[in-house]
Amino acid sequence: MSDPDAPAIDRLLVECRRRIDRVEPADLAREMAAGALVVDLRPSEQRSADGPLPGAVVIDRNVLEWRLDPTSPHRLPGNDDPDRRVVLVCNEGYGSTLAAYTLVQLGLRDVADLVGGFQAWSALGR
């Protein structure tokens, strides 16, 4: 149970994380090798400063739902399977939690986010 005195956004993160899967940074390569679609949500400024996430597809956060909704006419080509594994990566693992929960609400059944985001993955020396 979350702390009722905590900021609303902290309570929302707790609730979202109860409903999605989370991937540890050390497991990201395994997810990719198994065929997961890894999506880098970081803004271009962060990608420019910290570098790319090899093997990830870059999708701007403001169009994510349209690109990954399996029923959207604006989805990425070949992304019409609601059972495909999708792992979202933001900078520190907060925005990706909220985005993953949104995708679950759209009907995707195997969505996760990366614990600690790109920064945690990068800290492993990748």
Side-chain angles (χ1 to χ4, degrees):
M1 177 108 1
S2 63
D3 177 0
D5 296 326
I9 189 62
D10 291 345
R11 293 191 312 265
L12 179 60
L13 283 166
V14 168
E15 180 63 25
C16 291
R17 288 175 176 165
R18 284 187 186 130
R19 298 172 185 263
I20 63 167
D21 190 21
R22 305 202 74 212
V23 172
E24 292 295 328
D27 296 330
L28 187 59
R30 183 176 47 86
E31 292 281 345
M32 286 180 171
L37 175 67
V38 176
V39 178
D40 187 345
L41 300 174
R42 294 175 300 144
S44 62
E45 297 82 15
Q46 288 177 339
R47 290 192 316 272
S48 293
D50 294 333
L53 178 58
V57 172
V58 174
I59 300 177
D60 290 335
R61 177 63 190 95
N62 65 324
V63 296
L64 177 72
E65 289 81 3
W66 287 267
R67 299 299 181 256
L68 294 184
D69 175 356
T71 65
S72 171
H74 305 290
R75 71 182 174 272
L76 290 175
N79 283 290
D80 55 357
D81 180 359
D83 292 316
R84 181 172 188 194
R85 176 73 158 172
V86 176
V87 179
L88 302 181
V89 181
C90 67
N91 195 49
E92 294 182 337
Y94 297 100
S96 57
T97 293
L98 300 173
Y101 181 72
T102 300
L103 293 178
V104 168
Q105 298 304 303
L106 290 176
L108 279 79
R109 294 185 275 273
D110 197 4
V111 181
D113 79 325
L114 186 67
V115 175
F118 181 87
Q119 295 304 320
W121 174 84
S122 181
L124 293 176
R126 303 292 197 253

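Numbers here are sequence positions counted from 1.
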Requested in this report: Work out which heavy atom in G116 is nearest to a heavy atom in R22; give both atom names and the distance.
Outcome: N-NH2, 4.5 Å
Requested in this report: With rounding to the nearest 0.5 Å, note down the distance linking CZ in R30 to CE in M32.
Outcome: 12.5 Å
Query raised in the report: Who passes salt bridge (charged side-chain N to carboxylate O under 4.0 Å, His left out) against E15, sequence neighbours left out?
Result: R18, R19
Query raised in the report: Is V111 close to I20 at the side-chain level, that is, under 4.5 Å between some pair of heavy atoms?
Result: no
Query raised in the report: Is there side-chain contact between F118 and R42, with heavy atoms separated by less than 4.5 Å?
Result: yes
Requested in this report: With rounding to the nearest 0.5 Å, note down the distance linking CG in L64 to OG in S96.
Outcome: 10.5 Å
Query raised in the report: Shared ILVMFWY cluster between V86 and V23, side chains joined below 4.5 angstrom?
Result: no
Report summary line: P82 and D80 have their tightest heavy-atom pair at CD-O, 3.3 Å
Kindly list each side-chain donor-acceptor pair under 3.5 angstrom involving residues 69-76, sequence neighbours excluded, with atom names and distances?
| unit_1 | atom_1 | unit_2 | atom_2 | d |
| --- | --- | --- | --- | --- |
| D69 | OD1 | T71 | N | 2.8 |
| D69 | OD1 | T71 | OG1 | 2.7 |
| D69 | OD2 | T71 | OG1 | 3.2 |
| S72 | OG | W66 | O | 3.1 |
| S72 | OG | H74 | N | 3.0 |
| R75 | NH1 | P70 | O | 3.3 |
| R75 | NH1 | S72 | O | 2.9 |

Query raised in the report: Is the closest side-chain heavy-atom distance between V57 and R67 below 4.5 Å?
Result: no
Query raised in the report: Taking it one step at a time, do R47 and V58 satisfy side-chain contact (heavy atoms from CB on, under 4.5 Å)?
Result: CA-CA 10 Å; R47 290 192 316 272; V58 174; 3.3 Å; yes
Query raised in the report: Can you tell me how far CG of D10 sits from CG of D5, rounded to the nearest 0.5 angstrom?
Result: 12.0 Å
Query raised in the report: Given L114, which of L41, L28, L88 fulfils the side-chain contact (heavy atoms from CB on, under 4.5 Å) condition?
Result: L28
Report task. Decide yes or no for V89 and D113: does some side-chain heavy atom of the first lie under 4.5 Å from some side-chain heavy atom of the second? Result -> no
**Report entry** Spacing of Y94 atom OH and R17 atom CZ [to the nearest 0.5 Å]
**Finding:** 6.5 Å
Report summary line: Distance col, row L98:CG vs L12:CG, nearest 0.5 angstrom, shows 5.5 Å
Query raised in the report: Under a 4.5 Å side-chain heavy-atom rule over Ile, Leu, Val, Met, Phe, Trp and Tyr, are V39 and V104 clustered together?
Result: yes
Query raised in the report: What is the distance from atom CG of N79 to atom CG of L37, rounded to the nearest 0.5 Å?
Result: 5.5 Å
Report summary line: Across all chains, not counting sequence neighbours, the side-chain contact (heavy atoms from CB on, under 4.5 Å) partners of Q119 are D50, N91, E92
Query - Common cluster, V63/L68, ILVMFWY with side-chain heavy-atom separation under 4.5 Å - result: yes
Requested in this report: Output all residues satisfying side-chain contact (heavy atoms from CB on, under 4.5 Å) with A56, sequence neighbours left out; order by chain, then residue number.
Outcome: V38, D40, L53
Report task. Could you pull out all residues at least two apart from R85 that satisfy salt bridge (charged side-chain N to carboxylate O under 4.0 Å, His left out)? Result -> D21, E31, D110
Report summary line: With sequence neighbours left out, the residues meeting side-chain contact (heavy atoms from CB on, under 4.5 Å) with P52 are none
